[in-house]
Amino acid sequence: MVQQTLGDIFSGYVQKAGAVFSNRNILSHDHMPEQAMHRDEQMQHLATILAPSIQGARPSNVFLYGKTGTGKTLVARQVTKELEKASDRVVVLYMNCKMKRVADTEYRLFAELSRELGKTVPATGLPTDEVYRIFYEAIDSRPQNVILVLDEIDALVRKVGDEILYNLTRVNTELKQARLSMVGISNNISFIESLDSRVKSSLSEEEIIFPPYNANQLKDILSTRAEKAFHSGALGGGVIEKCAALAAQEHGDARKALDLLRVAGEMAERKKEPTVTSGFVDAAEDKLDLDRTTEVVQAQPKQSLAVLAGILKLTDKGEKDIQTGDIFLEYEKISAKCGLKPLTQRRVSDLIAELDMLGIINAKVISKGRYGRTREIRILLARPAVEKIRRVLERNYLV
DNA sequence: GTCAATTCACATGAAAGAGACCACGGTCTAGTG
DNA sequence: CTAGACCGTGGTCTCTTTCATGTGAATTGACGA
């Protein structure tokens, strides 16, 4: 009986899946198209910089920057892939530093890199310099040019500090037969300025800037992908234009444009509509916002949620100018009620700062003169998002 | 009225501790021939 | 004799506490016009 219905659902889904999409994966983040559109200049630039590695010379370190979804990763991956094909002396290590549990610490980064080079390294337990040595030997085991691509390099520096980059830039002086060069990718332009000057000069021997896509370019990109992803005629008029325009408003983020298009398609499919209309794009935009916040909130540890619950409670009371101290008092009550070990104010202050970073709340440091210095905290989100958060908190018995 | 000193309520930094996790090597134990 | 269980040691990682220092404008109080 149940199996029957489940079967129906699935088979219905299989049929429906063909209704709008012909290949949904084309629109996903990890899909790498063969051609990066409107990025020829950057590709050529990067290729010329890295080309000497084919002849065994060490290419300059390069720093790529531009906002999210401007094709940095795509260009870097494509160029390095071709490079690897062109010469067997070139080895490319790609590392996304934002991936949790991969590059949180110096140890993990080197362990992961060594693994990529075919060494086995335990997840913990070894002294850090031991891992460093393993990595070093792995590189120097044969004459080769190792190109290390560090994506989201700012995340790495934030967690580990810039000493690691300094060490990496200096590796060459100790290598006997191999060469190491780095490609740093960051979407934070001011990041490079915050680095130690020694690191700064050696890391950004060359720089390539990725300007945001404009609405027309986004439209091209979307059209090309949509052609393969959707059935012909499944997209209503103006849908692509709308996605492109919305994403262009948000610093020309191609990733966002693709998300919009994909989600709009999914929604149409679920509603069993044969065509995606621009109304679905609006709905998709709302949904993307909402999904992001709930996802972020859900991933928070319980203590952080308790702090958030305190903020929510004070907001419900209609209090304006909520301060760190108020939240701490409220938090203490909540944690006592839930049998949570209360943290110190120092820690709570950090948790508040983290919630601010995540964009869930807005915490501005203000000085109230004689009445001290504190954070003024507000909830940023629209009503539906707040309700979703409340549900997450309820599930954790915090409301 | 002007101006420097004071003061508040935290923010922010640095260092260090606790507890969890993991690898590794040594020792013990049970099973096998 | 050997494989596997078990334990202690030494290392990292994350979260947290403790202690110390910093901060910026309202307020205060001295001073001079």
Side-chain angles (χ1 to χ4, degrees), chain A residues 95-115 117-138 152 154-164 167-168 190 194-196 296-311 314-315 319-336 338-378 396 398:
Chain A
M95 182 70 45
N96 187 335
C97 306
K98 214 173 193 175
M99 298 254 284
K100 271 235 157 173
R101 314 240 134 238
V102 172
D104 278 11
T105 65
E106 197 169 2
Y107 182 101
R108 285 196 182 142
L109 180 77
F110 282 120
E112 186 61 32
L113 290 173
S114 307
R115 263 178 231 128
L117 288 166
K119 298 267 176 178
T120 48
V121 186
T124 65
L126 261 52
T128 305
D129 40 340
E130 179 69 14
V131 192
Y132 190 74
R133 197 184 50 77
I134 293 175
F135 170 66
Y136 186 78
E137 277 171 9
E152 315 249 19
D154 41 336
L156 175 69
V157 171
R158 203 166 48 235
K159 281 183 204 138
V160 187
D162 56 3
E163 196 152 316
I164 189 170
N167 289 341
L168 277 170
S190 56
S194 67
L195 290 177
D196 185 302
V296 170
V297 170
Q298 258 163 358
Q300 292 311 301
K302 204 154 185 183
Q303 293 285 7
S304 207
L305 290 180
V307 174
L308 187 56
I311 298 173
L314 289 171
T315 319
E319 285 193 35
K320 287 187 257 169
D321 324 337
I322 305 174
Q323 301 180 13
T324 307
D326 307 337
I327 294 174
F328 183 62
L329 291 178
E330 199 62 43
Y331 158 80
E332 277 187 314
K333 279 189 223 156
I334 291 173
S335 62
C338 305
L340 218 54
K341 184 177 154 257
L343 301 174
T344 54
Q345 178 151 343
R346 175 72 186 83
R347 180 66 187 136
V348 170
S349 172
D350 277 348
L351 291 179
I352 292 173
E354 277 168 33
L355 288 173
D356 177 42
M357 273 241 303
L358 293 167
I360 300 169
I361 61 171
N362 185 352
K364 204 170 74 184
V365 178
I366 53 157
S367 179
K368 294 161 63 115
R370 187 73 207 251
Y371 306 105
R373 220 165 103 92
T374 182
R375 284 197 173 90
E376 199 175 77
I377 291 133
R378 247 184 247 138
N396 286 279
L398 289 169

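The analysis underlying the following values was restricted to heavy atoms, covering all of them including side chains, and did not include hydrogens, waters or symmetry mates.
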Separation of B/dT12 P from A/Arg373 CZ (nearest whole Å): 6 Å
Interatomic distance, A/Glu112 CD vs C/dC13 P [rounded to whole Å]: 14 Å
A/Ser114 side chain to A/Phe110 backbone, donor-acceptor under 3.5 Å: yes
Value rounded to 0.5 Å, distance of CD1 in A/Ile361 from CZ in A/Arg378: 11.5 Å
Residue-phosphate contact under 4.0 Å: A/Gln323 side-chain N/O, B/dC10 OP1/OP2: yes
Trace of the side chain to side chain contact (heavy atoms under 4.5 Å, CB included) decision for A/Leu358 with A/Gln300: CA-CA 10 Å; A/Leu358 293 167; A/Gln300 292 311 301; 3.2 Å; yes
Short side-chain N/O contact to B/dC8 OP1/OP2 from A/Thr374, under 4.0 Å: no
Distances under 3.5 Å only, N/O to N/O: pair up the protein atoms with those of nucleotides 16-20 of chain B.
none

Gap separating the CZ atom of A/Arg373 from the OG1 atom of A/Thr324, nearest 0.5 angstrom: 10.5 Å
Phosphate OP1/OP2 of C/dT16: any A/Thr344 side-chain N/O under 4.0 Å: no
Side chain to side chain contact (heavy atoms under 4.5 Å, CB included) evaluation trace for A/Arg346 with A/Asp350: CA-CA 7 Å; A/Arg346 175 72 186 83; A/Asp350 277 348; 3.0 Å; yes
Spacing of A/Asn396 atom CG and A/Lys302 atom NZ [to the nearest 0.5 Å]: 5.5 Å
Separation of C/dG24 P from A/Glu376 CD (nearest whole Å): 17 Å
Whole-Å distance separating the CG atom of A/Asp321 from the C1' atom of B/dC10: 16 Å
Distance, rounded to the nearest Å, where A/Leu343 contributes CG and C/dT18 contributes P: 11 Å
Spacing of A/Arg347 atom CZ relative to C/dT18 atom P, expressed in whole Å: 14 Å
Nucleic acid contacts - residues 364-371 of chain A versus DNA chain B, non-hydrogen atoms under 4.0 Å: A/Val365, A/Gly369, A/Arg370, A/Tyr371
Stepwise side chain to side chain contact (heavy atoms under 4.5 Å, CB included) test for A/Ile352 and A/Phe328: CA-CA 10 Å; A/Ile352 292 173; A/Phe328 183 62; over 6 Å; no
Side chains of A/Ile377 and A/Asn362 in contact at under 4.5 Å (non-hydrogen atoms): no
Spacing of CG belonging to A/Leu314 relative to CD1 belonging to A/Ile327, to within rounding of 0.5 Å: 6.5 Å
Between C/dT23 (P) and A/Arg375 (CZ): distance, integer Å: 15 Å
4.5 Å side-chain heavy-atom contact, A/Gln303 and A/Arg347: no
Kindly give the atom pairs (protein nitrogen or oxygen, nucleotide nitrogen or oxygen) under 3.5 Å for nucleotides 13-15 of chain B.
from, atom 1, to, atom 2, distance (Å)
B/dG13, N7, A/Arg346, NH2, 2.7
B/dG13, O6, A/Arg346, NE, 2.7

Gap between atoms CD1 and C1', on A/Ile352 and B/dA11 respectively (whole Å): 11 Å
Side chain to side chain contact (heavy atoms under 4.5 Å, CB included) between A/Leu343 and A/Leu351, worked out: CA-CA 10 Å; A/Leu343 301 174; A/Leu351 291 179; 3.9 Å; yes
